[in-house]
Amino acid sequence: MESLRAAWYMAAWRSDLPATGILPTLVLNERIVIYRGSSGKLFALEDRCAHKLAPLSFGQVEGDQLRCMYHGLKYNSSGQCIHIPGRESVPPAIRVKSYPVEEAHSAIWIWMGELARADAALIPPFQGTDHPDWAMIPGRMDYEANFSLINENLLDLSHVPFLHRNSFGGGRESPTMGGREAPVEKQETTELERGVRTFRTVENAPVPPFLREQSGPLADHVTTSDFLVPGVLLLTGELFKPGSLARSGGHRPDDDLLLHRNFSCQAVTPRTDRLTTYFYAFGPWRRHAAGAEMFAKIGAVAFEEDRAIINAQQKVMDASPGIKPMLLHMDSLAAKYNRVLQRLASTARPESAAT
Amino acid sequence: MESLRAAWYMAAWRSDLPATGILPTLVLNERIVIYRGSSGKLFALEDRCAHKLAPLSFGQVEGDQLRCMYHGLKYNSSGQCIHIPGRESVPPAIRVKSYPVEEAHSAIWIWMGELARADAALIPPFQGTDHPDWAMIPGRMDYEANFSLINENLLDLSHVPFLHRNSFGGGRESPTMGGREAPVEKQETTELERGVRTFRTVENAPVPPFLREQSGPLADHVTTSDFLVPGVLLLTGELFKPGSLARSGGHRPDDDLLLHRNFSCQAVTPRTDRLTTYFYAFGPWRRHAAGAEMFAKIGAVAFEEDRAIINAQQKVMDASPGIKPMLLHMDSLAAKYNRVLQRLASTARPESAAT
Amino acid sequence: MESLRAAWYMAAWRSDLPATGILPTLVLNERIVIYRGSSGKLFALEDRCAHKLAPLSFGQVEGDQLRCMYHGLKYNSSGQCIHIPGRESVPPAIRVKSYPVEEAHSAIWIWMGELARADAALIPPFQGTDHPDWAMIPGRMDYEANFSLINENLLDLSHVPFLHRNSFGGGRESPTMGGREAPVEKQETTELERGVRTFRTVENAPVPPFLREQSGPLADHVTTSDFLVPGVLLLTGELFKPGSLARSGGHRPDDDLLLHRNFSCQAVTPRTDRLTTYFYAFGPWRRHAAGAEMFAKIGAVAFEEDRAIINAQQKVMDASPGIKPMLLHMDSLAAKYNRVLQRLASTARPESAAT
């Protein structure tokens, strides 16, 4: 899986910006400093002074400008050096790269493609922790693995009953279900302009243990998930009264049959080839806000299960040159997403696709 | 020194197998999962699922089979995948390597050579911590060094009076002996089918400090050590009344002149090129079992002395490209053992010798 | 910036030599063991036994000789092996390199050039912590950076008002000065036989906060600094009554106008390409010895500011292949020092210059 340059990457939760207003970050192997100017706007520059290559993130904000605090060179928000202590004028060649940066959906997003093609309308329709419908607590973890292994994990939820048997538990063909026959899952996938959508239903299947008190032992499950470039998952899980799906002909049943609804938004940001940040939030519908803490805890346990096996998988892969993974039927959605990536890369400029 | 593939390597003490029955291990750079099936037998497979290369050691035992707990593929004990969730049949190509594995002498042994040539009769005649003659406590340590440096250390005990002057102490030309003349050591070495044997005697020499209370200040020393492929040391140390060797004509004296007897079994297992596990046990004859704790403590101190200097030696070697060690007279046993290795490698198949 | 082999490097403070009299060290990527013989003299040998390449620093001093405590080989102070246990004679080829080593100015110095050209008169005129004029406490820190970045830092003090605004503070164009106009600094530089000298004056400029109680808010500043091969800084800072420089015509004013005087000696020793030790001492004139602790504290804070940004700078540089620093006017002294290095390297033998 390749990464797409012409995309907005989540650099941080908005709440990660420290009081100094300066946040060093790393996206697609590029060191970037994000800072909030005195105008209140965010700016992003290459985190490397043109003089001695010291990081600008050790600097200080002055107005909407950023001063390197090694030898005092000052840059404006488009990366042009505008002052060198002890010199009258500044040669125009003394400048650093700037990046479009936007705040949206509780997060900070950076455009890694061609400057001229940055378009805030392409920011993924994330629904962050400040969204009125959901009660979610923000989380993050770093993987020592390539982003593509995490994306593949999120594009193939068939791992849930195995890997997450002790956290999310229950569901389809689960080893924790004893001798019971696995319920039949129906799944439809659709290609989107910038991603793939999946609509899954399972009739009359076990409810995950942590939801049984509220929703009872069995339910009709409906899951809708969008996976969008460059690595954003929006996942809504709903439980309906058993029999609802039969009556609705397999479509999403009416709200009055709803037992429970939850949501998760996740963003995968490649830092380096072997370091990836995974931002996540997972919580119940706002009217069940009292459960937000429990969801955050269960989510943290489950996401750590993913992290442990994927970090280990990366180590095995790195120790296995020449050994290729095999593609099985559960990998078809990842293949479809890969075709979307290729379409987007080919319509972008030559510089828009890179490893 | 090269490693021999056609050999049984000690992977672990039997007591290292956890309650889950699943033990990941690493031998000659190969990641292996050992598991105990419900039949009670041990099995060993390549620790890498054929699908996405996740480690099977994150899996779960089902009967004598092992299921990958990432996406649920199930393997039998010969490494064939026999079930993929959501699929009726399994292509025969979905399989992983299996390894012969045996329990013997308190330890778990893995055969790294050609499958068809595995022969339990070739397991080294280790005498483990469950042997009725000796009172020993198992130990292990990891070296950040190539196994060959450790083997060379065990094949040249002339280092003992220098490196171990503060632990095993005393003996031949020891700096701790003050002005006393070094006693003369006699040594005979014999080539074995799969190793080398050394018989050493020293007459009327100082007893190591930790044994003086029991055995007095001076004794005739008799040491018999076998060093066997792929890196197993069996060492018996005995002290006899001074004058015993003179009366026996240099042969091992009769048991009624014995003052003390102890034994050590050690196994050197290459993990990677720069990581080696050293398994050891060291203790007195069972009738002195009360001393087992003291031997374990002194052994741990002495083996840590080896580890410190060998890890440092490896660092110096790695920082000294082009600088070769010199072979001196004390390296002759290592040279003899190397010839045994070469003979065994040449009678094995081409695949049997590797770095 | 290249390193010069034909020079004395500071290996350690004299007080770093442990009670065993044996100190392993690393200079220009060479592992060296320094030891004090029973004659009281210091010696330095390659830290690598010729036999198995174990470090001699694990050994023990015997007279003015050093014995390897792995297998007992003994070396004299010029590196010749003079005894191998169990052998009558020693082949002359069994020897290690020796290095000229001297104690001077509270420190231990090693000559890394050609043996025959070692000349104690070339030891830098360091003034250590035992110098009668100054009250200084020795310090050291290790950088994970190439030595040249540290030398460049010491050769361009224009970074002080920016990087050290919260420690040394005040002075010339300082961001902490509020709206005040930067005072004009005058600077003269002179090429020395083995370095460069700078004489700086600033009239009527703010006194650093930590000296204001003693010296008042404004003073005439006079700074004299020598930067000598292979990386030694001797820096004297003086404050005079405002107006003193105007009366003396810009020369150093008379002592009776002196408000304060302090001194710092620093030595930069390359260990490896990315590890450098920075030895430092910073303190007031002996008659203000009561302030020694405060100077040590402020110095440690300021030197840690250097270390943090230079370690970060090195990381950015290593992640930026092909990106070159730009030379600005404040880099002219470093350029002059580089020419001195090149002159010294070219008059030395071919072996005298290396990275």
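Heavy-atom basis, side chains included; hydrogens, waters and symmetry copies ignored. Residue numbers begin at 1 in each chain, while the letters A, B, ... track the order of the sequences. In this text the structure is predicted, and so the values were computed from the model without any measurement.
- With no hydrogens or angles considered, a side-chain donor-acceptor pair links B:Gln314 and B:Asp318 at under 3.5 Å.
- Of the residues considered (B:Pro91, B:Ser57, B:Gly72, B:Ala93), B:Gly72 shows the highest number of contacts with chain A, using heavy-atom pairs under 4.5 Å.
- Contact of A:Met317 with chain B is made through backbone and side chain together, with heavy-atom distances under 4.5 Å.
- Neither the backbone nor the side chain of B:Asn29 comes within contact range of chain A; no heavy atom of the residue lies under 4.5 Å from a heavy atom of that chain.
- In summary, the side chains of B:Thr276 and B:Arg271 do not present any donor paired with an acceptor at a separation below 3.5 Å, with no hydrogens or angles considered.
- For a residue to count as touching a neighbouring chain, one of its non-hydrogen atoms must lie under 4.5 Å from one of that chain's; by this rule A:Lys315 touches chain B with backbone and side chain alike.
- Side-chain N or O atoms of B:Trp109 include one that pairs as donor or acceptor with a backbone N or O of B:Ala104 at under 3.5 Å.
- At least one donor-acceptor pair closer than 3.5 Å links the side chain of A:Arg212 to the backbone N or O of A:Val207.
- Other residues, nucleotides and ligands place more than 12 heavy atoms under 6.0 Å from the CZ atom of A:Arg274.
- For A:Glu152, the part lying near chain B is the side chain, with the backbone staying farther off; criterion is any non-hydrogen pair under 4.5 Å.
- Counting heavy atoms of neighbouring residues, nucleotides and ligands inside a 6.0 Å radius, atom CD of A:Glu144 does not exceed 12 of them.
- Residue pairs satisfying the salt bridge (charged side-chain N to carboxylate O under 4.0 Å, His left out) criterion with at least one member in residues 83-101 of chain B, sequence neighbours excluded, are listed as follows: B:Glu30-B:Lys97.
- Using a distance-only test at 3.5 Å, with no hydrogens or angles considered, no donor-acceptor pair links the side chain of A:Glu188 to the main chain of A:Thr198.
- Residue contact with chain B, scored on non-hydrogen atoms closer than 4.5 Å, is absent for A:Asp306.
- Below 4.5 Å, heavy atoms of chain B meet no heavy atom from residues 225-235 of chain A.
- For the residue pair B:Tyr278/B:Gln266, the side-chain donor-acceptor check at 3.5 Å is satisfied.
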